[in-house]
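Some notes on the structure that comes next.
Chain A is the first sequence line, chain B the second, and so forth, proteins listed ahead of strands; every chain is numbered from 1.
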Amino acid sequence: MCMQYSPQYSLQNALRKDFFERPTPEVAQDLIGTVLVRTLTDGTVLAGRIVETEAYLHEQDAASHSYRGKTKRNEAMFGEAARLYVYRIYGIHYCANIVTENVGRGAAVLLRAVEPLEGLEEMMRRRKTEQIRQLCNGPGKLAQAFDFTMEDNHQSLLHSSCCILPNTIQQDIAVSPRIGITKAANELLRFYLAGNEFVSRGRWKG
DNA sequence: GGTGGGATTAGCT
DNA sequence: GCTAATCCCACCA
C-alpha cells in the first residue's frame, strides 16, 4: 500500500523553481501526489507522498502569517520561492511551508500530511510510534518525522538533500476550508487526496 | 518590559 | 470533546 510507489530519488527529476512561482492555490493543488524527499546528514533518506496541503496567500489573506506585513518571524515567506518557511506553533511543534510566487509576495503552501514511503524506521524513532498512519498525518507530526526545525527555515528545496519529486499518480483531489484557523475560514484552500488514509484528522472514511 | 495568542498534538473523559 | 503542554514574537505601554 504505502511501499508500492518507488520514486526516483534524483535531483534530475525534481520540481524546479518555476513550479513554485505560480499562484499559490495552483501550487498547493499540484503538490498533491508529489514526493517530499529529505536526505539527513548521516545519509538516511526520508520520503513521503504529499497527500494534504493548504494555501496561505499574500497580504489580503487574513489567515496568512503575511497578513500584517513582513516581520522577522515570517520573513522567509517574503523570500524566494521553493524555500522552506518553518515556524514554531503553540510552543511545541513546528510547521513546514514551501514559499511560493515571487519575492515580496508573502505566500506559501503548508505541508499538512504525507504518506510515508521511505525512512519509516527513522520516522518511527522520531515520532515515538510504530503506527505508520500516525507518522505524518498532520503538520506538526510531519515536521517531527522529517526533522524540520527552525534550522531549516529559508532552506532551499532545489537540491538533492531536500527536494520535491513530480507526481506520477492520478487520483482525485478534494478541496475544503483550511483547518485550525479563525479568520478567512471559508476559503476553499485546503487540498487533499480523496479517501487517502494518511490525510490528517482521519478524514478518510474507509 | 509585560502580555496574549497561535496554520497542533496527545491523552484523558 | 476538552485541555494541558510550552515558546517565540508581535504589539502595546
Side-chain angles (χ1 to χ4, degrees), chain A residues 20 23-32 36 48 50-79 81 83-101 105-116 123-155 157 164 173-193 197-205:
Chain A
F20 302 95
T24 305
E26 282 180 31
V27 177
Q29 178 164 344
D30 292 349
L31 278 172
I32 300 297
L36 171 66
I50 297 174
V51 298
E52 182 181 356
T53 62
E54 282 178 1
Y56 285 88
L57 313 182
H58 49 83
E59 297 178 42
Q60 303 299 331
D61 179 5
S64 176
H65 285 178
S66 60
Y67 185 54
R68 290 187 168 78
K70 184 175 171 180
T71 67
K72 187 179 178 185
R73 178 201 191 200
N74 66 18
E75 67 175 347
M77 275 187 95
F78 291 84
R83 287 179 180 270
L84 285 173
Y85 164 47
V86 183
Y87 62 88
R88 195 190 262 285
I89 185 81
Y90 298 114
I92 333 175
H93 303 290
Y94 296 99
C95 289
N97 302 249
I98 303 176
V99 178
T100 56
E101 305 191 33
R105 272 297 264 182
V109 173
L110 170 66
L111 301 178
R112 286 195 58 91
V114 309
E115 174 180 341
M123 293 181 188
M124 288 172 181
R125 194 174 66 72
R126 292 184 191 285
R127 292 278 301 118
K128 304 190 197 305
T129 178
E130 295 190 351
Q131 296 180 58
I132 296 175
R133 196 180 296 150
Q134 295 297 325
L135 293 178
C136 304
N137 64 333
K141 299 176 183 180
L142 187 163
Q144 187 177 31
F146 278 76
D147 197 30
F148 285 126
T149 67
M150 293 310 293
E151 292 183 8
D152 301 299
N153 198 19
H154 298 280
Q155 162 89 237
L157 285 167
I164 308 268
I173 296 175
V175 185
S176 83
R178 293 171 292 186
I179 292 177
I181 55 172
T182 55
K183 303 165 214 160
N186 296 324
E187 304 290 326
L188 298 176
L189 292 172
R190 170 172 174 260
F191 304 90
Y192 58 99
L193 270 188
E197 66 175 306
F198 294 93
V199 168
S200 72
R201 305 247 177 140
R203 278 173 188 259
W204 59 288
K205 306 278 189 241

Below 4.0 Å: OP1/OP2 of C:dC8 and any side-chain N or O of A:Lys72: no
Any A:Arg88 side-chain N or O less than 4.0 Å from OP1/OP2 of B:dA7: no
Rounded interatomic separation in angstrom, taking CD from A:Glu52 and P from B:dT8: 10 Å
Euclidean distance, atom CZ of residue A:Arg126 to atom P of B:dA10 [Å, nearest integer]: 16 Å
Closest-nucleotide 5' rank along DNA chain B - winner of A:Arg127 and A:Ser66: A:Ser66
Ring-face cation contact, A:Tyr87 with A:Arg73, 6.0 Å cut, 45° max: yes
Atom-pair distance (CD on A:Gln144; C1' on C:dT6), nearest Å: 14 Å
Atom pair distance, as rounded to whole Å: CZ in A:Phe148 and C1' in B:dT9: 19 Å
Sugar-phosphate only, base, or nothing, as touched by A:Gly140 at under 4.0 Å among non-hydrogen atoms: sugar-phosphate
Between P of B:dA10 and CD1 of A:Ile89, the distance in whole Å: 15 Å
Shortest side-chain distance from A:Arg73, nucleotide among B:dA10, B:dA7, C:dC9: C:dC9
Rounded distance in Å between the C1' positions of B:dA10 and C:dC8: 22 Å
A:Met150 vs A:Ile92, nearer the 5' end of DNA chain C by closest nucleotide: A:Ile92
Selection from B:dA7, B:dG6, B:dA10 that lies nearest to any side-chain heavy atom of A:Tyr90: B:dG6
Protein-nucleotide distance (A:Asn74, atom CG; B:dG6, atom C1'), rounded to Å: 14 Å
Pair partner, B:dG4 [Watson-Crick or wobble, under 3.5 Å]: C:dC9
Shortest side-chain distance from A:Arg68, nucleotide among B:dT8, C:dC11, B:dA7: C:dC11
Sidechain-backbone polar pair: A:Ser200 side chain, A:Gly138 backbone, donor-acceptor under 3.5 Å: no
Geometric cation-pi criterion, A:Arg178 with A:Tyr56: 6.0 Å, 45°: yes
Position toward the 5' end of DNA chain B (nearest nucleotide), A:Lys183 or A:Pro139: A:Lys183
Touch class at under 4.0 angstrom, heavy-atom based, for A:Arg178 against every strand present: nothing
Test applied, side chain to side chain contact (heavy atoms under 4.5 Å, CB included); reference residue, A:Phe20; option that passes from A:Val109, A:Val99, A:Ile164, A:Asp30: A:Ile164
Under-3.5 Å donor-acceptor pair between A:Tyr87 side chain and B:dA7 base: yes
Matching residue for A:Thr24 among A:Asp61, A:Thr53, A:Thr100 - test: side-chain hydrogen bond (donor to acceptor under 3.5 Å, both in side chains): A:Thr100
NZ or CZ of A:Arg83 within 45° of A:Tyr85 ring axis and under 6.0 Å: no
Whole-Å distance separating the CG atom of A:Asn153 from the C1' atom of C:dC8: 12 Å
Nucleotide nearest A:Ile181 when distance is taken to its side chain, options B:dT9, B:dA7, B:dT8: B:dA7
Face-to-face contact A:Tyr56 to B:dA7 six-ring, under 5.5 Å, under 30°: yes
Between P of B:dT8 and CG of A:Leu142, the distance in whole Å: 13 Å
P atoms of B:dG5 and C:dA13, separation to the nearest Å: 15 Å
